[in-house]
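As the structure is a prediction and not an experimental result, all values here were calculated from the model. Protein chains get the first letters and strands the later ones, always in sequence-line order, with residue 1 at the start of each.
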There are 2 protein chains.
Amino acid sequence: MLDDLKSGETLDQACPIRDVLDRIGDQWSLLVLATLAPGVKRFSQIEREIGDVSKQMLSKTLRRLEQDGFVAREVHAEVPPRVEYRLTPLGHSFLEPMRGLIRWAEANQGAILAARGRAATA
Amino acid sequence: MLDDLKSGETLDQACPIRDVLDRIGDQWSLLVLATLAPGVKRFSQIEREIGDVSKQMLSKTLRRLEQDGFVAREVHAEVPPRVEYRLTPLGHSFLEPMRGLIRWAEANQGAILAARGRAATA
DNA sequence: CGATCTGGTCACTGTTCGAGACCATCGACA
DNA sequence: TGTCGATGGTCTCGAACAGTGACCAGATCG
């Protein structure tokens, strides 16, 4: 799409990247997916690992990821209740291209920080 | 990082991916970068191409992308004023890994839509 | 003498987000 | 018997944030 975009075209809502990125581009979705990458985890385990996510947002994020087919939710009828989350094949396949982005982020963080610093003093 | 994350570790703020994605993961940044991919564009041209971005958000987004070194801003002292935006080398290099993600989005949009439909009827 | 075009900014409003209280249920403990 | 803690959430409240539309300056066109 990036290459196909000519001057004058509009980037309307039919654009799939837009739909997908609106979902996973929020503050928490990607973090949750990354947390689930190594395997099955429970709600409070994810909460602890991310650290500064509120229960509300974690709950909402997980529900949306489940609806979009990225994660699967399994409830065990025990007391206290146990709920397990795991990535679906779709979720795993999504992490593939994400790794490229993550590598870029690690490699270029310095450049961004430098630009930011330059902008601050300018 | 995804592979390095073991159970029990926390995903704190030092994580570079987190910093980077908080910036480009918002509603508009990526769209602006994509719009600028083919070459230099003016403010209102970007506005028109994206279609449903408000001037305020576009202004804010461009300023942040500029601060982070993704785009360069050039003001021509004319009347009416002309302001041009272009990707920096950093901006272009960022689009590299993004293309992988975009391809994934295009390839898997159907699966997501299907999952979403299944969730809605369930 | 207006209208218009550009790149913004400002005030107002509606949506969203985080913090923290609250809930139901069971076992452990005193 | 009483109550305390753990789990996976939901509810409410105030704060922060995003979108809408008005406004601005300065020159040129009719």
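- The nearest whole Å value for the distance from the CG atom in A/Leu58 to the P atom in D/dT10 is 11 Å.
- For the atom pair B/Ile46 CD1 and B/Trp28 CH2, the distance stands at 13.0 Å (nearest 0.5 Å).
- Taking the nucleotide of DNA chain D with the nearest heavy atom to each of A/Leu62 and B/Lys60, the more 5' of the two is matched to A/Leu62.
- Separating the CD atom in A/Glu47 from the NZ atom in A/Lys41 is a distance of 14.0 Å, to the nearest 0.5 Å.
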- Message: Using the rule given for side-chain contact (heavy atoms from CB on, under 4.5 Å), can you reason through A/Val53 versus A/Leu31, listing the C-alpha separation, both sets of side-chain angles and the distance that settles it, and then say yes or no?
- Response: CA-CA 10 Å; A/Val53 63; A/Leu31 251 16; over 6 Å; no
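- At least one side-chain heavy atom of A/Arg64 sits under 4.5 Å from a side-chain heavy atom of A/Ser29.
- Residue A/Arg42 has a polar side-chain atom (N or O) positioned under 4.0 Å from OP1 or OP2 of D/dG8.
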What does the list of N/O pairs under 3.5 Å between the protein and nucleotides 20-24 of chain D look like, with a distance for each?
from   : atom 1 : to      : atom 2 : distance (Å)
D/dT20 : O4     : B/Gln56 : NE2    : 3.2

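- Phosphate proximity of D/dG19 to B/Trp28: present, with a side-chain N or O under 4.0 Å from OP1 or OP2.
- Between B/Leu95 and B/Leu87, some side-chain heavy-atom pair lies under the 4.5 Å cut-off.
- Side-chain atoms of A/Tyr85 and A/Val32, non-hydrogen and from C-beta on, never get closer than 4.5 Å to each other.
- Between A/Met57 and A/Ile50, every side-chain heavy-atom pair lies at or beyond the 4.5 Å cut-off.
- Contacts between chain B and DNA chain C, taken as any atom within less than 4.0 angstrom of a protein heavy atom, begin and end at C/dC5 to C/dA11.
- Within residues 74-87 of chain A, the residues approached by DNA chain D to less than 4.0 Å at the level of any non-hydrogen atom are A/Pro80, A/Pro81, A/Arg82, A/Val83, A/Tyr85, in residue-number order.
- Side-chain contact check for B/Phe94 versus A/Asn108: every heavy-atom pair is 4.5 Å or farther apart.
- Rounded to an integer number of Å, the gap from CD of A/Gln27 to P of D/dC17 is 11 Å.
- Looking at B/Leu36 and B/Phe70, their side chains never come closer than 4.5 Å, going by heavy atoms from C-beta outward.
- Using a 4.0 Å cut-off between charged side-chain N and carboxylate O, A/Arg18 and B/Asp52 make a salt bridge.
- The side-chain heavy atoms of B/Gln27 and A/Asp22, taken from C-beta on, include a pair separated by under 4.5 Å.
- At the phosphate of D/dT10, OP1 or OP2 sits under 4.0 Å from a side-chain N or O atom of A/Ser59.
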